[in-house]
Amino acid sequence: MIRNLGFALGMSVLAASCEFVMMSDHLGQYDQRMVYVRTEIASHASGVTGAALAEVAAVEEGHLTRTLGHMDGMRGDVRQMMSCGSMDGSAMMAAMDDVERECRAHRSSMAAITDGAALRAEEGRHQQAMDGMMSRMQMHSQSMMSASGGMRCGH
């Protein structure tokens with residue numbers, strides 16, 4: 001009896017340590033990171049318009065670093081979802097590559113600007129481009145959330 005009780009306790013500890021994660025958990029993390037990117041874009045726009053031209057390069061570098069940090073986290077989320085076995089993450093990875101290219105191009109454009117009107121125009125263009133990309137990523141994520149159902153990931 002004691003031997004069976006010890007076995008049962010050991011198995012319950014083992015089972016508790018082998019937590020199953022739902023694919024929707026990964027999608028939820030991915031979506032939360034998208035919220036962070038959208039917040040970064042909005043706060044960056046107001047920060048850049050209030051900055052002196054001499055400060056713009058530093059503001060842009062910080063913005064790029066924070067945005068790419070969130071994108072790295074999103075890439076990790078996609079890799080986790082791909083390890084669940086039933087998702088092709090290539091479309092999501094390509095969308096994140098597009099965001100990264102846009103952010104790097106924006107930083108380069110901002111570095112070349114020498115007047116306030118051009119700075120505001122480029123910032124507006126960047127915000128619109130990012131909003132479109134993030135909206136498409138959100139739609140894809142919502143579609144995946146619907147399709148994932150109760151899919152579990154064993155990692």
Side-chain angles (χ1 to χ4, degrees), residues 11-53 55-113 118-155:
M11 290 305 293
S12 64
V13 167
L14 180 62
S17 68
C18 294
E19 174 185 344
F20 281 99
V21 177
M22 303 297 286
M23 185 157 155
S24 58
D25 295 339
H26 295 304
L27 280 164
Q29 276 186 289
Y30 179 86
D31 286 344
Q32 183 60 52
R33 291 182 208 279
M34 276 198 279
V35 169
Y36 297 151
V37 171
R38 286 183 182 271
T39 301
E40 171 60 32
I41 293 163
S43 66
H44 166 70
S46 57
V48 126
T49 55
L53 284 175
E55 299 170 330
V56 169
V59 170
E60 287 300 326
E61 194 60 38
H63 171 56
L64 181 64
T65 299
R66 288 183 298 276
T67 301
L68 295 183
H70 295 308
M71 298 308 292
D72 285 345
M74 291 169 76
R75 287 177 194 284
D77 296 333
V78 170
R79 283 195 275 302
Q80 289 291 327
M81 288 184 275
M82 289 169 69
S83 75
C84 292
S86 73
M87 135 178 202
D88 176 14
S90 60
M92 293 176 92
M93 292 294 198
M96 289 182 282
D97 290 344
D98 290 344
V99 167
E100 184 172 340
R101 275 190 292 279
E102 166 59 27
C103 289
R104 290 185 186 284
H106 172 66
R107 180 189 59 181
S108 295
S109 294
M110 293 295 272
I113 292 175
L119 183 127
R120 287 186 294 282
E122 170 55 21
E123 191 57 40
R125 186 210 61 78
H126 175 62
Q127 274 196 294
Q128 284 185 328
M130 290 294 288
D131 186 52
M133 286 186 253
M134 298 305 289
S135 292
R136 286 187 296 278
M137 289 168 68
Q138 184 84 41
M139 287 174 33
H140 186 69
S141 173
Q142 288 170 347
S143 170
M144 286 182 57
M145 182 68 86
S146 298
S148 73
M151 185 183 299
R152 293 177 152 202
C153 306
H155 54 258

I'd like to know whether Gln138 forms a side-chain contact (heavy atoms from CB on, under 4.5 Å) with Val35, so could you lay out the CA-CA distance, the side-chain angles of the two residues, the decisive distance to 0.1 Å, and finally the verdict.
CA-CA 10 Å; Gln138 184 84 41; Val35 169; 5.8 Å; no
Under the criterion side-chain contact (heavy atoms from CB on, under 4.5 Å), I'd like the reasoning laid out for Met74 against Val99: C-alpha separation, chi angles, the key distance, then a yes or no.
CA-CA 12 Å; Met74 291 169 76; Val99 167; over 6 Å; no
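In this structure, CE in Met71 is found 15.0 Å from CZ in Arg66, a value given to the nearest 0.5 Å. Rounded to the nearest 0.5 angstrom, Cys103 SG and Ile41 CD1 are separated by 6.5 Å. In this structure, the separation between OG on Ser135 and CE on Met130 is 11.0 Å, given to the nearest 0.5 Å. With rounding to the nearest 0.5 angstrom, the NE2 atom of His70 is 14.0 Å from the OH atom of Tyr30. Put simply, CZ on Arg107 and OG1 on Thr65 are 8.0 Å apart, with the number rounded to the nearest 0.5 Å.
For the salt bridge (Lys or Arg N to Asp or Glu O under 4.0 Å) condition, the pairs that include at least one residue of residues 128-137, sequence neighbours left out, are Arg38-Asp131.
Counting heavy atoms from C-beta on, the side chains of Leu119 and Val56 come closer than 4.5 Å. Looking at Met96 and Met93, their side chains come closer than 4.5 Å, going by heavy atoms from C-beta outward. Looking only at side-chain heavy atoms (C-beta outward), Met92 and Asp77 stay at 4.5 Å or farther from each other. The shortest side-chain heavy-atom distance between Arg125 and Glu102 falls under the 4.5 Å cut-off.
Applying the side-chain contact (heavy atoms from CB on, under 4.5 Å) criterion to Ala95, with sequence neighbours excluded, gives Met137. Every residue meeting the ring-ring contact (aromatic ring centres under 6.0 Å, His included) condition with His63, not counting sequence neighbours, appears here in chain and number order: His44, His126.
Comment: Arg33 does not engage Asp72 in a salt bridge, judged by the lack of any side-chain N to carboxylate O separation of less than 4.0 angstrom. Electrostatic pairing of Arg120 and Glu123 does not count as a salt bridge here, judged by no charged N lying under 4.0 Å from a carboxylate O.
Among all heavy-atom pairs drawn from Ile113 and Ala118, the shortest one is CD1-O, 3.5 Å.
A side-chain donor-acceptor contact under 3.5 Å links Ser46 to the backbone of Ser43.
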